[in-house]
Amino acid sequence: MYGKCHSLEDARGIFDKLHNRDVVSWNAMIAAYGQHDRGNEAIQLFVKMIDEGLKPNEITFVSVVDACASTANLDRGKFVHALIIDSGLQPSIILGNALVNMYAKCGDLSETQIIFDKLLKKNVVSWTTLIGAYAQHGNKKNAIELLKKMQGEGVRPNKITYVSILEAFSSPVDLSEGKVIHSEIRNSGFQFDLVVDTALLNMYGKCGSPDDARRIFDDMRERDEIAWNAMIAAYAHPGHGKNAIQIFYEMQKTGVKPTVVTYVSVLDACADVTALREGKMIHESIVDSGFDKEIVLGNALINMYAKCGSLQDARTVFDNMQSRDVFSWTSVIAAYAQHGHGHATLELFRQMLLGGWKPNEITFISVLSACNHGGLVDEGLYYFESMTAAYALSPTLEHYGCIIDLLGRAGWLDKAEDLLTKMPLEPDAVIWMSLLGSCRVHGDVERGKHIAKRLLELDFNHDAPHILLSNMYASANRWMDAAGARNIMEEKGIQKQPGRSWIEVGETVHEFFAGDRLHPQTVQIYMEIENLKHKMSEAGYVPDTSLVLHNVEEEKKEQLLLAHSEKLAVAFGLISTPSGTPLRVMKNLRVCPDCHNAMKFISKIVNREIVVRDSNRFHHFKEGCCSCGDYW
DNA sequence: TTAGGGTTAG
């Protein structure tokens with residue numbers, strides 16, 4: 001009785017006082033620990049039970065297998081599995097399913113499949129467990145095939161089956177198939193179900209379609225905190241952060257209290273739109289609510305402050321944390337790396353190692369990227385080697401990408417290309433692009449040409465290689481070739497991805513597209529741009545019109561450059577904040593070289609600090625210089 | 001006595 005109530009300790013007290021403990025009492029106590037997420041104690045108790053000479057029965061095994069699953073303890077799970085086989089017990093369908101689930105939760109997919117195949121009888125739970133296992137590992141193909149096979153064998157999926165399979169749809173490329181499952185779920189009669197709708201909503205959020213998520217959210221008849229959290233998370237993506245923050249406040253207006261997960265998601269949204277003011281207010285609410293000791297929130301705060309441009313606040317949060325995990329370290333390391341502090345990044349990394357922490361693949365991405373941005377070639381190569389040598393981590397394409405970029409930027413084009421062709425992974429367009437970029441920087445036109453050829457063979461439908469190649473020819477005064485590269489791009493119908501920038505002023509995050517005239521203060525913004533243009537010209541600024549690919553007159557090219565989204569955001573910031581206020585702008589793409597140059601002039605002319613977060617890193621412009629040292 | 005919804009670092 002106590003086991004099913006609140007007090008596990010009371011249950012244990014009674015259990016310990018029992019004079020005659022039979023299998024039933026042991027089972028009850030083991031199950032009680034399992035239900036309270038204390039799998040390790042459940043397993044310990046099971047071992048003790050065997051030591052005392054009691055023979056576990058089917059129910060004991062189900063509970064202890066479940067405990068191994070919840071603690072993801074594969075070795076224990078295998079041990080218990082062996083005991084089951086030794087006991088000669090013919091496992092029931094329930095125990096069989098529990099074993100399938102145990103291997104799935106412990107991450108051993110091949111064993112999961114083997115046990116499933118060996119099941120003498122399968123029911124909807126067996127199928128759902130296996131489908132969920134594949135879905136959680138992102139194996140959408142197997143999950144869908146299994147669903148069809150299950151239906152072919154006459155087993156009808158229930159709502160748990162559908163909720164499980166929805167996990168498999170988690171990126172924009174999955175959206176169309178996700179919509180097919182969505183309609184199948186509706187046709188199967190699962191409507192107005194809180195859990196099913198939340199899973200669908202979440203699927204659309206992960207697939208990058210917050211509008212579809214919102215439609216489901218709006219149609220829900222009831223919403224609990226999990227549904228609200230899922231909606232906030234669905235909006236916490238580039239360009240939708242404002243909506244996430246709005247939903248966060250609406251949630252509270254309807255009387256639903258934010259949870260830790262709510263705060264994590266909304267901080268992520270603030271980070272996304274560089275909403276520093278909003279983020280600070282939410283930080284205060286977190287302190288008021290008493291959640292500020294939660295590690296996961298400390299981590300989210302580090303990330304929010306860093307992405308909002310305030311490295312100092314990020315560091316303060318990190319320093320004040322009472323306990324940390326690998327996410328905390330990786331977050332603070334990433335923060336320093338993104339702000340271009342190469343040496344400080346490595347110093348933190350050394351402290352992490354000294355503290356006995358084990359870095360993971362993501363930690364190394366920040367470390368290598370810091371070496372890359374800081375031009376720290378020897379350090380980068382050393383840590384790259386140490387990944388495999390000291391930490392048994394296999395470098396991914398991104399790690400190779402950092403190193404190839406590092407070598408290329410440093411002018412070691414031979415070594416960079418050598419590594420690219422000899423690495424054990426298939427290079428993607430991003431890596432070829434980075435090498436092409438290095439060829440442009442170092443003026444190696446011939447190498448650039450053959451790399452561009454390889455790149456275009458990949459059928460990479462992106463504007464970037466064409467633009468880079470064209471610019472590279474232009475820099476080498478090869479105007480015909482430059483025009484040719486642009487023509488190929490036009491023939492292929494490739495459009496430049498539109499630039500978007502955001503700036504937080506007062507309580508609002510303002511968004512700008514390149515050339516947009518939608519902002520209520522458009523007239524004043526363009527007047528400010530004109531004003532800046534004159535002052536910049538006097539100071540020696542020359543617009544880099546080679547960056548404009550449109551075939552238009554010179555004067556028109558200058559106008560296009562001046563209307564880049566980051567310049568509009570800065571102009572708006574200048575006219576709407578008191579003089580001296582630092583401006584923080586976020587851009588969806590890399591900052592363009594002309595804007596980068598212009599920002600340096602503007603920072604000096606208006607005597608303000610301008611922080612631009614682009615898709616790659618931070619640029620702190622101050623008194624005519626940028627923190628990246630023009631190396632980005 | 002077995003399967004299910006929300007979260008952090010690139």
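Atoms considered below: every heavy atom in the structure, side chains included; atoms not considered: hydrogens, waters and symmetry mates. Here is how names work: the chains are called A, B, and so on, in the same order as the sequence lines, proteins then strands, and each is numbered from 1.
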Just to be sure I understand the rule, does A:Glu167 reach a base, reach only the sugar-phosphate, or reach nothing, if contact means heavy atoms closer than 4.0 Å? sugar-phosphate
Select base, sugar-phosphate, or nothing to describe what A:Ala31 touches, counting heavy atoms under 4.0 Å on all strands. sugar-phosphate
Does this structure show an ion pair linking A:Glu177 with A:Lys140, if we count only N-O contacts that are shorter than 4.0 Å? yes
State whether the side chain of A:Asp174 and the backbone N or O of A:Ser171 hold a donor-acceptor pair below 3.5 Å, judged by distance alone. yes
A:Phe116 ring centre to A:Lys122 NZ or CZ under 6.0 Å, with the angle to the axis within 45°? yes
Could you check which of B:dG5, B:dA3, B:dG6 has an atom nearest any side-chain atom of A:Val261? B:dG6
Quickly work out the A:Leu166 CG to B:dA3 P distance and round it to whole Å. 18 Å
Nearest-neighbour nucleotide for the A:Asn303 side chain, B:dG4, B:dA3, B:dA9 considered: B:dA9
Side-chain donor/acceptor of A:Asp224 to base of B:dG5, under 3.5 Å: yes
For A:Ala334, report the nucleic acid contact type (base, sugar-phosphate, nothing); a contact means any heavy atom under 4.0 Å. sugar-phosphate
Hey, does A:Thr129 reach any base, or is it just sugar-phosphate, or nothing, if we go heavy atoms under 4.0 Å? sugar-phosphate
May I ask you to say what A:Ser331 touches in the nucleic acid, namely base, sugar-phosphate or nothing, with a heavy-atom cut-off under 4.0 Å? sugar-phosphate
Going by atom types only, do A:Glu58 and A:Ser92 share a side-chain donor-acceptor pair under 3.5 Å? yes
Of the options B:dG4, B:dT2, B:dG10, whose atoms approach the side-chain atoms of A:Asn97 most closely? B:dT2
Do NZ/NE/NH1/NH2 and the carboxylate oxygens of A:Lys253 and A:Glu250 come within less than 4.0 Å? no
Name the closest nucleotide to the A:Val296 side chain, picking from B:dA3, B:dG4, B:dT7. B:dT7
Integer-rounded Å distance: B:dG10 P and A:His399 NE2: 13 Å
Of all the choices, B:dA3, B:dG5, B:dG10, which nucleotide is nearest to the side chain of A:Asn202 once you look at every atom? B:dG5
For the side chain of A:Thr330, starting at C-beta, report the closest nucleotide among B:dA9, B:dG4, B:dG6. B:dA9
State which of B:dT1, B:dA9, B:dG6 makes the closest approach to the side chain of A:Ser63. B:dT1
Integer-rounded Å distance: B:dA3 C1' and A:Ile94 CD1: 12 Å
Checking A:Asn139 side chain against A:Ala135 main chain: does a donor-acceptor pair fall under 3.5 Å? no
Whole-Å distance between B:dG10 P and A:Tyr336 OH? 16 Å
Picking from B:dG4, B:dT8, B:dG10, which would you name as closest to the side chain of A:Val195? B:dG4
Heavy atoms only, 4.0 Å cut-off, all strands: where does A:Asp66 land among base, sugar-phosphate and nothing? sugar-phosphate
Short question: side chain of A:Arg223, backbone of A:Phe217 - any donor-acceptor pair under 3.5 Å? yes
Using whole Å, report how far CG of A:Leu348 lies from P of B:dA9. 18 Å
Got a sec? Which of residues 112-127 of chain A come in under 4.0 Å of DNA chain B, heavy atoms? A:Val125
Hey, does the Lys NZ or Arg CZ of A:Arg38 hover above the aromatic six-ring of A:Tyr33, less than 6.0 Å from the centre and inside 45° of the axis? no
Whole angstroms only, please: what is the CZ-C1' distance between A:Phe349 and B:dG10? 14 Å
Under 4.0 Å, heavy atoms only, any strand: does A:Val163 hit a base, just the sugar-phosphate, or nothing? sugar-phosphate
Could you check which of B:dT8, B:dT1, B:dG4 has an atom nearest any side-chain atom of A:Val62? B:dT1
Atom-to-atom span, CG of A:Leu194 to C1' of B:dG5 - whole angstrom: 8 Å
Whole-Å distance between B:dG5 P and A:Glu222 CD? 17 Å
Does A:Asp219 come within less than 4.0 Å of A:Arg215, counting only side-chain N to carboxylate O? no
Do A:Thr262 and B:dG6 share a donor-acceptor pair, side chain to base, under 3.5 Å? no
Look at all strands and tell whether A:Asn360 reaches a base, only sugar-phosphate, or nothing, counting heavy atoms closer than 4.0 Å. base
A:Lys307 side chain: which of B:dT2, B:dG5, B:dG10 is closest? B:dG10
Select base, sugar-phosphate, or nothing to describe what A:Gln338 touches, counting heavy atoms under 4.0 Å on all strands. sugar-phosphate
